[in-house]
Amino acid sequence: MGVVTVGELKTSISGKRSFRPSSTIRHAASEWPISDVSSDVTIEIGASSFALHKFPLVSRSGRIRRLLIEAKDATISRMNLSLIPGGPEAFELAAKFCYGINIEITLSNVAMLRCAAHFLEMTEEFVQKNLEARTEAYLKDTVLPNISNSISVLHRCECLSPVSEEINLVNRLINAIANNACKEQLASGLLKLDHNFPMKTMPNIEPETPSDWWGKSLSVLNLEFFQRVLTAVKSKGLKQDMISKILINYTHNSLQGLVIRDPHIVRGSLLDMELQKKQRVTVEAMVSLLPTQSRRSSVPMAFLSSLLKTAIASSASTSCRSDLERRIGLQLDQAILEDILIPANSYGNNHGTMYDTESILRIFSIFLNLDEDDDEDNRMRDESEMAYDFDSPGSPKQSSILKVSKLLDTYLAEIALDTNLLPSKFIALAELLPDHARIISDGLYRAVDIFLKVHPNIKDSERYRLCKTIDCQKLSQEACSHAAQNERLPVQMAVQVLYFEQIRLRNAMNGGHNQFFFGTINSQFPQRSSSGAGSGAISPRDNYASVRRENRELKLEVARMRMRLTDLEKDHVSMKQELVRSHPANKIFKSFTKKLSKQLNSLFRINNLKPIGSKPNAESRFLFQRRRRHSIS
């Protein structure tokens, strides 16, 4: 529509605003009737007043006509319309329209004019193509068919309540946004289908517009309207990943200006309380709009973590925090250390901990308790997943547990540096995982060692219980060497480490896997890696190949040890013969060497080696085996 400037509002010396024709219109009698008649009515809206004429107003406005008729004083010259939506600006445009001035309807004023037309009752009952009909035509032709235009006009409706609700303008705009968004989603899917299965050679197509382009413009809406829009698009079937993107964008923009730079300065002030309230309301609203909880949720872990941190800092409701904790627990295998380092809300307490360990304890417990729901999930697995034993090391489930165990060990090492952390809370986290969740315990040992170093004055009972969480059988050779010399550990643990190291060496000398140490671990975790965490699901064939490689390496090592023992045996025999020849009369030395030979022979029998001086014939082997069975019985 074109714009024709035919008049202007001028402020008089008394402060009143009167409608006067501009100098450019004095020669255009067809658009503005020249009249020297003074104004006969003054419209007051707030601090503004308009000196106008009754006739052009009553010819188009049913409300002004009714007020003049109902007035007891026929010579009324003042009217108060302070409740008009849009205030003086809206009435000024409506007054120009009543005077026959052509006004421009735009995205920025159509909502205001539509509400003002409803308030002033500027309907078709008084004149054709009145202001209400003009604004309705603009809405139908320009606003409602376009998502971006609908969002822009909806934003303008925020300050036009309750009239915008009475005329159903808000609901119409929200429904238009939802319908157009789903149409665009369908069109985008069809376009992708055409690209994948072209029916004929198509000309060059312009790059596809990002599917969430309109979602970013929703950030201009207030929280109430945003909730209503998102609820509408969810009910219409908008994809979950699109909803997640919209939520992330809106939350980022909403909370960006609500971050308190230094909470210690403004803590307890009105500003801080107001910001905290806005944070709490925003976070609780965003959590209520999140997609349905599932292990394969489209909501990123980093976003859930930031929401939980804000919820704790703003003292959000318990239900809100519990919902976030469960969502994080369902996707815990996707988390990194930064996601679970949640600061504690402990202002005013100098002895408070740095991190909220109770929330993390609940999150890890949620992840570990997911097994209760596995029976129902197992029925839905397809044939490709049925190839796995769900608890086997190569299964996706076991891989997730290994990732979570490594994450927990890293988290324990981080919070161990907190001098205010109670041993009971650290022990509760260390004892949380089951035995099969860790392949090696080096990460847990490192975290415990850091905690003991930072907390040297803990009780002996707590020190013993803390070290009891470490499985010494799963410590690497480097960790065992460090633990054997670590003065911070209890003596019982050092002895236990040395004992298992002795068993490890003895089994290596025997050339087999000890069921107490190697066998147990290797049978459960054959794909052991240097990082201590599974890298993902592997096929049974790769799993078997890994076991065979490990067996070959162990056999080679045992063979090398056998060769070294054989060399030592030869050296011992040659030295004994030389000493005997040098001192034939020394009976004491003969007795000593005889006892030594017996001890060595018994040692060799234990290790399945040949006794010293035995002949490699069948009779000797038979007698040797017979003596061995007799000694065992």
Side-chain angles (χ1 to χ4, degrees), residues 248 251-252 255 259 283 295-297 299-313 321 324-346 352-370 396-434 437-455 466 469-470 474-476 479 529-536:
I248 293 170
T251 305
H252 175 74
L255 296 178
V259 178
V283 169
R295 300 189 189 184
R296 298 180 181 179
S297 175
V299 185
M301 173 61 68
F303 177 62
L304 294 175
S305 174
S306 63
L307 280 179
L308 180 57
K309 293 174 184 178
T310 308
I312 293 175
R321 284 179 287 176
L324 287 171
E325 288 173 359
R326 175 159 182 81
R327 291 178 182 274
I328 294 175
L330 291 173
Q331 304 173 226
L332 190 58
D333 56 329
Q334 304 172 21
I336 59 176
L337 179 60
E338 287 74 11
D339 295 332
I340 61 175
L341 286 178
I342 301 175
N345 189 7
S346 57
T353 57
M354 295 172 57
Y355 301 107
D356 190 344
T357 57
E358 294 180 358
S359 294
I360 299 302
L361 182 64
R362 290 191 293 267
I363 288 172
F364 276 87
S365 299
I366 290 170
F367 175 82
L368 295 173
N369 291 333
L370 294 179
K397 175 185 173 183
Q398 184 62 30
S399 175
S400 298
I401 292 179
L402 295 177
K403 291 177 183 178
V404 170
S405 67
K406 185 176 181 181
L407 177 66
L408 179 59
D409 291 346
T410 309
Y411 177 77
L412 289 172
E414 186 69 26
I415 65 173
L417 297 169
D418 186 2
T419 56
N420 295 326
L421 180 63
L422 297 177
S424 58
K425 293 186 176 182
F426 188 89
I427 293 172
L429 285 168
E431 294 177 340
L432 190 59
L433 293 182
R438 291 184 177 92
I439 292 179
I440 59 175
S441 299
D442 286 14
L444 180 59
Y445 170 72
R446 175 176 173 269
V448 170
D449 186 46
I450 294 174
F451 187 85
L452 294 177
K453 187 175 182 180
V454 177
H455 305 78
L466 184 60
T469 60
I470 303 173
K474 297 181 181 180
L475 290 177
S476 65
S529 61
S530 59
S531 62
S535 59

TODO: Report yes or no: does K425 contribute a side-chain atom to a donor-acceptor pair with the main-chain N or O of T357 at less than 3.5 Å?
DONE: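 Checking the backbone N and O of T357 against the side chain of K425, no donor-acceptor pair under 3.5 Å is found.
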TODO: Go through the steps to decide whether L412 and F451 satisfy the test side-chain contact (heavy atoms from CB on, under 4.5 Å), and finish with yes or no.
DONE: CA-CA 9 Å; L412 289 172; F451 187 85; over 6 Å; no
Open item on the list: With rounding to the nearest 0.5 angstrom, report the OH to CD1 distance, Y355 to I342.
Closed with: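 Those atoms lie 11.5 Å apart.
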- [ ] Without swapping roles, check the side chain of S306 against the backbone of F303 for a donor-acceptor pair under 3.5 Å.
- [x]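 Answer holds: yes.
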- [ ] May I ask you to decide if A437's main-chain N or O and S405's side chain share a donor-acceptor pair within less than 3.5 Å?
- [x]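 Yes; judged by distance alone, with no hydrogens or angles, the pair exists.
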Task: L432 to L368 - nearest heavy-atom pair and separation - done: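 The answer is O-CD1, 3.6 Å.
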- [ ] Compare every heavy atom of D356 with every heavy atom of Y411, then report the nearest pair and how far apart it is.
- [x]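 Shortest heavy-atom contact: OH-O, 4.0 Å.
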Open item on the list: In the structure I gave you, are the side-chain heavy atoms of T353 and E358 within less than 4.5 Å of one another anywhere?
Closed with: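 T353 does not reach E358 side chain to side chain.
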TODO: Would you check if L307 and R327 make a side-chain contact, meaning some heavy-atom pair closer than 4.5 Å?
DONE: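 Sidechains of R327 and L307: no contact.
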Open item on the list: Holding to side chain to side chain contact (heavy atoms under 4.5 Å, CB included), I want the full list of residues that pass it with S305, two or more places apart in sequence or in another chain.
Closed with: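 For S305 the side chain to side chain contact (heavy atoms under 4.5 Å, CB included) partners, ignoring immediate neighbours, are K309, D339.
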- [ ] Taking the side chain as every heavy atom from C-beta outward, state whether K474 and I439 have any atom pair closer than 4.5 Å.
- [x]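 They are not in side-chain contact.
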Task: Heavy-atom side-chain proximity of L255 to V283 below 4.5 angstrom - done: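 The answer is yes; the side chains approach within 4.5 Å.
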- [ ] With rounding to the nearest 0.5 Å, note down the distance linking CD1 in I360 to CG in L332.
- [x]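 CG of L332 is found 8.0 Å from CD1 of I360.
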Task: Nearest atoms (heavy-atom pairs only) where I312 meets R321 - done: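 Smallest heavy-atom distance, with atoms named: CG1-CD, 4.0 Å.
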Task: Residue pair L341 / P343: nearest heavy atoms and the distance that separates them - done: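 The answer is O-CD, 3.4 Å.
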- [ ] Applying side-chain hydrogen bond (donor to acceptor under 3.5 Å, both in side chains), run through S476 and D442 and close with a yes or a no.
- [x] CA-CA 7 Å; S476 65; D442 286 14; 2.5 Å; yes
- [ ] Report the C-alpha distance between R362 and S365 in whole Å, list the side-chain angles of each, state the deciding distance to 0.1 Å, and finish with yes or no for side-chain hydrogen bond (donor to acceptor under 3.5 Å, both in side chains).
- [x] CA-CA 5 Å; R362 290 191 293 267; S365 299; over 6 Å; no
Task: Pairwise distance CG(L417) to CE(M354) - rounded to 0.5 angstrom - done: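 Nearest 0.5 Å value for the CG-CE distance: 8.0 Å.
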Open item on the list: Using 0.5 Å steps for rounding, measure from the CD1 atom of I366 to the CG atom of L361.
Closed with: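 Reported value, rounded in 0.5 Å steps: 10.0 Å.
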Task: Separation of H455 NE2 from D418 CG (nearest 0.5 Å) - done: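 NE2 of H455 is found 6.5 Å from CG of D418.
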Task: Closest contact, heavy atoms only, L407 versus F364 - done: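 Scanning both residues, the minimum pair turns out to be CD2-CZ, 4.3 Å.
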- [ ] Specify the closest pair of heavy atoms between L444 and T469, including all atoms of both residues, with the distance to one decimal.
- [x]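 Smallest heavy-atom distance, with atoms named: CD2-O, 3.4 Å.
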TODO: Please test E414 against T410 for side-chain contact (heavy atoms from CB on, under 4.5 Å), starting from the C-alpha separation and ending with a verdict.
DONE: CA-CA 6 Å; E414 186 69 26; T410 309; over 6 Å; no
Open item on the list: Working note: L421 + V454, criterion side-chain contact (heavy atoms from CB on, under 4.5 Å); need CA distance, chi angles, decisive distance, verdict.
Closed with: CA-CA 10 Å; L421 180 63; V454 177; over 6 Å; no
Open item on the list: L304 and side-chain contact (heavy atoms from CB on, under 4.5 Å): which single residue from E325, Q334, Q331 fits?
Closed with: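 For L304, the side-chain contact (heavy atoms from CB on, under 4.5 Å) check succeeds only for Q331.
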Task: Reported CG-to-CG distance for the pair L402 and D333, which is rounded to 0.5 angstrom - done: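 L402 CG to D333 CG: 11.0 Å, rounded to 0.5 Å.
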